[in-house]
Amino acid sequence: MASNRKITSLVADWFGLHARALPWRRTVRGRRDPYVSLVSEIMLQQTQVSRVLERFDGFIDRFPTAQALADAPEEAVLGAWSGLGYYRRARSLQAAARVICEDHGGRVPRDLDDLIALPGVGRYTAGAICSIVFGQPVPIVDGNVVRVLARLDGIDGPPDHARSWARADELAQQAKTPALFNEGLMELGATVCTPRNPRCGDCPLKTHCKAHAACTQEQIPSPKPKSKRQVLHASSMVAIDGRGRVLVEQRPADGLWGGLWQVPTVERASKAVGLRELRDLFPCRSIGRVSAFRFDTTHREVRFVVYKAIGVRAGGGRQWMTRRGLSQLGVSNAQRRVLDAVGIELDSCVRSGT
DNA sequence: AAGGCGGGGCA
DNA sequence: TGCCCAGCCTT
């Protein structure tokens, strides 16, 4: 049985050789920018690196400091977050920036409890900042770490978070450089000890891994119990005025796509709203069905029907918006599909440096 | 403890 | 099609 110290040094040394060059890993005089790291950690919550890469530099260019983020209008933040999903993260991140500016002098706090007190920051994210940015010997556990540690110790069954935290804590405390060990453990899970087809031949822990010894790495951990997706019927009405503007409304702050903008849309759980009721809700001169499509998320199957209407008036919280204006706001990818169905393509706000 | 919350890529 | 991803918050 290898010592914890041996395990941690193997991982840290491996990371030193194989770390990917990711934008949030840039350093100035050997230090990472804590604010930049915080943004990256929030973006990376339940979101793959490849997806974050598409948005990260643009977001940092636009909001380069906690103060800049705190001072920005909320719709600009949601606009920069468009397409990333889990939009509450964007609001929470800005709220965190405001706390940082008001309570911590504009500096990301170093204290674990201060970090956890920030909105949108839980034990994982706080631990990541503490250890990776500030070098403190605190553990972090994400989906990668759960998997790597379960395989290393040959723990069968569904993901056991309590055990993973205990094990990660013991390792982080004994690591020579907790920053390199923690980030290396995640990197290992992301690039070598992957859910499927792990590349055990390239793993620095292969001679210490119980799953590898027993050839059970593919079965560990066992899949999480699945929850069934709810079906939602959405009827979206696209209306365009004489100047080419689009009629839009803002969704409620909470729930699915909270706070994002959309063309007038009615949602029903059981069946799609009928055309007659649709006309009652959206009075117009004429309306016609354009197309339909399915939009799947992890938790929902949304069946969209797209209508195009003529002779609609604004009001009831709905307003005419230019396409350029709309592209600056938060718009879900589902609504981009709706607009695409009538030939409207929003400017991407993914571009960086503009 | 469980459920809600996006979106895309991959087997 | 099902599963997973640098999780967090609410109930």
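Since the model is a prediction, treat every value here as computed from it, not as a measurement. Naming: A, B, ... by sequence-line order, numbering from 1 per chain.
Spacing between atom CG of L78(A) and atom P of dG7(B) amounts to 12 Å, rounded to whole angstrom units. With rounding to whole Å, L53(A) atom CG is found 14 Å from dG9(B) atom C1'. Rounded to whole Å, atom P of dC5(B) lies 13 Å from atom OH of Y87(A). In this structure, L44(A) places its CG atom 13 Å from P of dC5(C), rounding to the nearest Å. Atom-to-atom, NZ of K228(A) to P of dG3(B) comes out at 10 Å; the value is rounded to the nearest Å. Between the P atom of dG3(B) and the CZ atom of R300(A) lies a distance of 14 Å, rounded to the nearest Å. Remark: C1' of dC8(C) and CZ of R91(A) are 15 Å apart, rounded to the nearest angstrom. Rounded to a whole Å, the CZ atom of R337(A) is 17 Å from the P atom of dG6(B).
No donor-acceptor contact under 3.5 angstrom links the side chains of R25(A) and S37(A), judged on distance only. Side chains of Y124(A) and E41(A): a donor-acceptor N/O pair is present below 3.5 angstrom, by distance only. Side-chain contact of N4(A) with E170(A): a donor-acceptor pair under 3.5 Å is present, judged by distance alone.
A residue-by-residue look at Q46(A) and R294(A) shows that R294(A) has its nearest nucleotide of DNA chain C further toward the 5' end. When each of D296(A) and R196(A) is assigned the nucleotide of DNA chain B with its nearest heavy atom, D296(A) is the one assigned upstream, toward the 5' end. Two residues, Q230(A) and R51(A), neighbour DNA chain B, and the one matched to the more 5' nucleotide by heavy-atom proximity is Q230(A). Two residues, P119(A) and L22(A), neighbour DNA chain C, and the one matched to the more 5' nucleotide by heavy-atom proximity is L22(A).
Ion pairing between R251(A) and E267(A) holds under the 4.0 Å rule for side-chain N and carboxylate O.
Listed pair N333(A) / dG8(B) meets the phosphate criterion, a side-chain N or O lying under 4.0 Å from OP1 or OP2. Residue R89(A) places no side-chain N or O under 4.0 Å from the OP1 or OP2 atom of dC9(C).
Counting any heavy atom pair closer than 4.0 Å across all strands shown, S92(A) reaches no nucleic acid atom. Residue-level contact check: V121(A) touches the backbone only, with heavy atoms under 4.0 Å from sugar-phosphate atoms and none from bases. At a threshold of 4.0 angstrom between heavy atoms, the contacts of T125(A) are confined to the sugar-phosphate backbone, with no base atom among them. Residue contacts for G83(A): at a heavy-atom cut-off of 4.0 Å it reaches the sugar-phosphate backbone alone, with no base atom in range. In this structure, R25(A) reaches the bases: a heavy-atom distance under 4.0 Å links it to at least one base atom across the strands shown. Residue contacts for I42(A): at a heavy-atom cut-off of 4.0 Å it reaches no nucleic acid atom on any strand shown. Note on W81(A): nothing from the nucleic acid sits closer than 4.0 angstrom, heavy atoms only.
For Y86(A), whose side chain is taken as the heavy atoms from C-beta onward, the closest listed nucleotide among dC4(C), dG7(C), dG8(B) is dG7(C). Checking dG7(B), dC5(C), dA6(C) against every side-chain atom of W24(A), the shortest atom distance belongs to dA6(C). Across dG7(B), dG7(C), dC10(B), the shortest atom-to-atom separation from the side chain of Y124(A) is found for dG7(C).
A donor-acceptor pair under 3.5 Å links the side-chain atoms of E187(A) to the main chain of R20(A), judged by distance alone.
Ring geometry for H299(A) versus Y86(A): interplanar angle of 30 to 60°, hence tilted. F56(A) and W24(A) have perpendicular rings, their planes meeting at more than 60° on a 0 to 90° scale where under 30° would count as parallel.
Taking atom P in both dT11(C) and dG6(B), one finds a spacing of 16 Å when rounded to whole Å. Annotation: dC9(C) and dG8(B) have their P atoms spaced 25 Å apart (nearest Å). Using P as the reference atom, dA6(C) and dG3(B) are 24 Å apart when rounded to the nearest Å.
A donor-acceptor contact under 3.5 Å links the side chain of T298(A) to the base of dG6(B). Evaluation of atom-type donor-acceptor distances gives a pair under 3.5 Å for the side chain of R88(A) against the base of dC8(C). Residue-to-nucleotide contacts include no donor-acceptor pair under 3.5 Å from the side chain of S50(A) to the base of dG8(B).
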